[in-house]
Amino acid sequence: GLELIALNEFGLKEIGVKRAGTICLLLDEISTLKKTASEDVVTLIEHSPYCFGKILDYLRLKRLHDENFIDGPPLPTVCDNQKNRFQKVVRYYFP
């Protein structure tokens, strides 16, 4: 969101990015986002942060797999008390 677009070199270092090359690449990508992002478009996600986080983690791992950085990602492991909610969120976003 807007927090990402607002990051600068200092902000990247604060969140743990150390390598100069990585900082440069991220700043370039953030610059591209600033040019293409529209503040008029907002996506409201009113679902469990726990479940949505599991989905995001899986998608990140899947992307790393697609780039040949890791072996196939395992399916998310979800707490028993969150399984029904997780299934609803997955069905909603990935029908």
Side-chain angles (χ1 to χ4, degrees):
L2 293 177
E3 292 87 2
L4 174 65
I5 292 176
L7 282 175
N8 58 19
E9 182 178 345
F10 176 74
L12 290 171
K13 287 179 181 177
E14 283 290 309
I15 63 171
V17 180
K18 305 266 188 254
R19 295 177 48 204
T22 303
I23 290 173
C24 291
L25 289 172
L26 289 172
L27 289 173
D28 186 47
E29 290 300 318
I30 290 170
S31 175
T32 301
L33 281 174
K34 285 180 182 179
K35 294 175 190 169
T36 60
S38 169
E39 292 183 26
D40 297 335
V41 179
V42 175
T43 302
L44 180 62
I45 300 171
E46 292 190 29
H47 290 283
S48 162
Y50 171 83
C51 295
F52 203 74
K54 291 288 186 176
I55 293 169
L56 286 178
D57 289 344
Y58 176 76
L59 292 174
R60 287 182 187 116
L61 290 173
K62 188 170 180 337
R63 177 64 180 194
L64 289 173
H65 169 69
D66 292 346
E67 298 291 327
N68 295 317
F69 289 115
I70 63 169
D71 293 331
L75 293 175
T77 303
V78 180
C79 296
D80 288 337
N81 65 345
Q82 294 288 324
K83 285 186 180 182
N84 287 336
R85 181 177 288 158
F86 181 77
Q87 290 172 350
K88 286 180 186 178
V89 173
V90 170
R91 281 195 302 267
Y92 180 82
Y93 285 102
F94 306 98

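Bear in mind the structure is a predicted one, so any value in this text is a computation, not a measurement.
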According to a 4.5 Å side-chain heavy-atom criterion applied to Ile, Leu, Val, Met, Phe, Trp and Tyr, with indirect links allowed, do Ile55 and Tyr50 form part of one hydrophobic cluster? yes
All ring-ring contact (aromatic ring centres under 6.0 Å, His included) counterparts of Tyr92, not counting sequence neighbours: His47
Find out if a path of hydrophobic residues (ILVMFWY) with successive side-chain heavy-atom gaps under 4.5 Å connects Val89 to Leu59. yes
Going by atom type alone, with no hydrogens or angles, which donor-acceptor pairs under 3.5 Å involve a side-chain atom of residues 10-28 and a protein atom two or more places apart or on another chain?
residue : atom : partner : partner atom : Å
Lys13   : NZ   : Glu9    : OE2          : 3.2

Output a table of donor-acceptor pairs, distance under 3.5 Å, between side-chain atoms of residues 66-88 and any protein atom two or more places apart or on a different chain; print 'none' if there are none.
residue : atom : partner : partner atom : Å
Glu67   : OE2  : Arg63   : NH2          : 3.2
Asp80   : OD1  : Lys83   : NZ           : 3.2

If you measure from the Lys or Arg side-chain nitrogens to the Asp or Glu carboxylate oxygens, is any gap between Arg60 and Asp57 under 4.0 Å? yes
